[in-house]
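Report on one structure; see the data block that follows.
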Protein chains: 2
Amino acid sequence: MLWLRSCKLVLLQIDMGSTIQNPACQHCKDRFSSVFCKAEQCNLEQIDQAKVCSVYKKGQVIFHEGAYPFGVYCINDGKIKLSHSGDDGREQIIRLVKAGDIMGYKALLSNERYTATATALEDSSICFVPKDLFMSILQKDASLSFEMMRILSSELRKAELKITHLAQKPVRERLAETLLFIKETYGVEEDGHTLSVRLSREEIANLVGTATESAIRLLSEFKKDGMIELEGKKIRLLDLQQIVKTANLQD
Amino acid sequence: MLWLRSCKLVLLQIDMGSTIQNPACQHCKDRFSSVFCKAEQCNLEQIDQAKVCSVYKKGQVIFHEGAYPFGVYCINDGKIKLSHSGDDGREQIIRLVKAGDIMGYKALLSNERYTATATALEDSSICFVPKDLFMSILQKDASLSFEMMRILSSELRKAELKITHLAQKPVRERLAETLLFIKETYGVEEDGHTLSVRLSREEIANLVGTATESAIRLLSEFKKDGMIELEGKKIRLLDLQQIVKTANLQD
DNA sequence: CCTGTGGAATGATATGTATCAAGTCTGCGT
DNA sequence: ACGCAGACTTGATACATATCATTCCACAGG
């Protein structure tokens, strides 16, 4: 019983991430692409004062499905996955989050518990803005509200498109689409081809919505067809045109 | 060439719906459940003045995927389906809209074209609020903005859940879930069992995300198992507990 | 009344994907 | 360097679901 409690304590510590010197929002390299770029200057300063910036190691959980939200998270640097865990334990990746993005706003706005778990895909530095402050600024700052609505609308549009594709497209097309989506989201390395995230095959499968083995098999096929190149977790998109064609995108 | 143009004119006329006596928002039976209930009184009056209420017949299209939005629609009475049409022409129903709900806000907020088509499931009376007015009120009225964000968040949550289920659950479970969803949305008739919408088998399939024949077959099974009763397009949910169990809902 | 039409139902069959079961590889801690 | 656990890969097989074809049925129009 004793070890259990101390174990929990350790976990808690891990979950908090380690607090680092707070970098000023005004100097954040993503201040022009983030939501907050729309906020009024005075509000931005308030956020800057109140926020807490932490570093999370790869694999660490930032927040858990079912937990109550106490604020929003703004990614300073790094890559995060947001995922639902289905009834049978299989996870479904709902969103990929990058620097400048915020997360955790949905639960906050609808005043419910988190419906997804946020996990760091690599070491990441993340700012936390407390609920009360965020909500009160949202009340006063129309352009921030507006930006939030824009983001929500855009996420909703993407989600609805994903529903349609999940219902109507075969795994092969969805996998090709997912590769393009990863490229859109996180970009490529200097060579212009290698995706700049390292995802496990299981994660790719959970993004596509299929079994791990199916994802592996199709990736091998793509490789055989010369569309991609595989080297461990590195994925190089060689023939982009062919991938787009395979994805069979119309809308 | 001439007949083509006149044909288009006729279609346009149909699409507009027929304008009727504008009922006052203040007397709308759904004014307490709609988004606008949160709007400040003065703004509500403005909306009331500017809105145009029209009647659409069953099967009529209110707006089309790909068209530009000029305002939001608020359902006064009736039932609407919102659907994507996939690449192969099959439609995916993404939302069922009822009295008091609004639609068309997503395209408006993200300033893009409609990504879905709205079709009346039965004769419906729908109010149209022009874009400029809606947007300008949104700028001033924080509580309306807030309510919009709440709605968007909630829709997003539902969409993400649907993604997970579509990826992980078999058709049988999704069909049961869909029946419950229809009940939640539109309710039942006086007998307490019969769903109060008439949907074609194809529409049910498009809601579940499966082939029409599969939906039909499973509905027959449900009937054989005594969970439901079928009579043409009427569906009676007899054994709710069993349906919930079949849906296998955990989250 | 017949007849045509569109939705509904059912059966036969094909096929994509999941699942199970071995293997192989790889990185990591000792 | 070793060995071990976890990730990856590949193959064999089962199964759910889509697809195609046919029949049935209700209903509207001539």
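To find a chain, count down the sequence lines: A is the first, B the second, and so on, and within it residues start at 1.
Remark: A/Glu122 does not engage A/Lys58 in a salt bridge, criterion side-chain N to carboxylate O under 4.0 Å. Taking the charged nitrogens against the carboxylate oxygens, A/Arg90 and A/Glu203 have no contact shorter than 4.0 Å, which rules out a salt bridge. With salt bridges taken as basic N to acidic carboxylate O contacts below 4.0 Å, none links A/Lys245 and A/Asp225. Salt bridge annotation for B/Lys158-B/Glu155: present, with a cationic side-chain nitrogen under 4.0 angstrom from a carboxylate oxygen.
Judged by distance alone, with hydrogens and angles left aside, B/Glu213 brings a side-chain donor or acceptor within reach of the base of D/dC20, the pair sitting under 3.5 Å.
For B/Glu202, the CD atom sits in a loose shell: 12 or fewer heavy atoms of surrounding residues, nucleotides or ligands are nearer than 6.0 Å.
If you measure from atom CD of A/Gln168 to atom C1' of D/dT19, you get 15 Å, rounded to the nearest angstrom. Between the C1' atom of D/dA16 and the CD atom of B/Glu221 lies a distance of 11 Å, rounded to the nearest Å. In this structure, the CZ atom of A/Arg90 is 6 Å from the P atom of C/dT19, given to the nearest Å. Computed from coordinates, the B/Lys224 NZ to C/dA9 P distance equals 14 Å when rounded to whole Å. At whole-Å resolution of the value, CZ in B/Phe222 and P in C/dA9 are 14 Å apart. Protein atom CG of A/Leu218 is 16 Å distant from nucleotide atom P of D/dC8, rounded to whole Å. In this structure, B/Arg198 places its CZ atom 13 Å from P of C/dA8, rounding to the nearest Å. To the nearest angstrom, C1' of D/dA7 lies 18 Å from NZ of A/Lys234.
Residues B/Ala215 and A/Arg217 both approach DNA chain D. Their nearest nucleotides, taken by heavy-atom distance, put A/Arg217 toward the 5′ side. Each of A/Glu202 and A/Ala167 was matched to the nucleotide of DNA chain D holding its nearest heavy atom; the match closer to the 5' end belongs to A/Glu202. Between B/Gly232 and A/Arg172, the residue anchored nearer the 5' end of DNA chain C, judged by the nucleotide with its closest heavy atom, is B/Gly232.
For the pair A/Thr210 and C/dA18, the criterion of a side-chain N or O lying under 4.0 Å from OP1 or OP2 is met. At C/dA18, one or more side-chain N or O atoms of A/Ser214 fall inside 4.0 Å of OP1 or OP2 (strictly under the cut-off). The side chain of B/Ser220 contributes an N or O atom lying less than 4.0 Å from OP1 or OP2 of C/dT10. Using a 4.0 Å cut-off, some side-chain N or O of B/Arg201 falls inside it from OP1 or OP2 of C/dA9. Dashed line: the shortest gap from a side-chain N or O of B/Lys233 to OP1 or OP2 of C/dA8 is under 4.0 Å.
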Next item on the list: Begin with the C-alpha distance, continue with both residues' side-chain angles, and end with the deciding distance and a verdict on side-chain contact (heavy atoms from CB on, under 4.5 Å) for A/Phe128 and A/Val72.
Entry: CA-CA 6 Å; A/Phe128 174 81; A/Val72 289; over 6 Å; no
Margin query: Using the rule given for side-chain contact (heavy atoms from CB on, under 4.5 Å), can you reason through B/Ile163 versus A/Ile163, listing the C-alpha separation, both sets of side-chain angles and the distance that settles it, and then say yes or no?
Written below: CA-CA 6 Å; B/Ile163 288 174; A/Ile163 288 173; 3.6 Å; yes
Margin query: Is there a side-chain contact (heavy atoms from CB on, under 4.5 Å) between A/Ile126 and A/Ile80? Walk through the geometry before answering.
Written below: CA-CA 10 Å; A/Ile126 303 172; A/Ile80 317 287; 3.6 Å; yes
Next item on the list: Walk me through it: do B/Phe63 and B/Tyr73 pass the test ring-ring contact (aromatic ring centres under 6.0 Å, His included)?
Entry: CA-CA 10 Å; B/Phe63 56 78; B/Tyr73 295 87; 5.5 Å; yes
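For the helix from C/dC1-D/dG30 to C/dT30-D/dA1, the angle separating the two terminal helix axes comes to 30°, with each axis derived from five pairs and the value rounded to 10°.
Applying side chain to side chain donor-acceptor pair (under 3.5 Å) to B/Thr194 and the options B/Glu229, B/Arg236, B/Lys234 leaves one that passes, B/Arg236.
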Next item on the list: Summarise protein proximity over nucleotides 22-27 of chain D in one line of letters, 5' to 3': B for base, S for sugar-phosphate only, - for none, counting protein heavy atoms closer than 4.0 Å.
Entry: ------
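Among the nucleotides C/dT17, C/dA8, D/dT9, the one closest to any side-chain atom of A/Ile216 is D/dT9.
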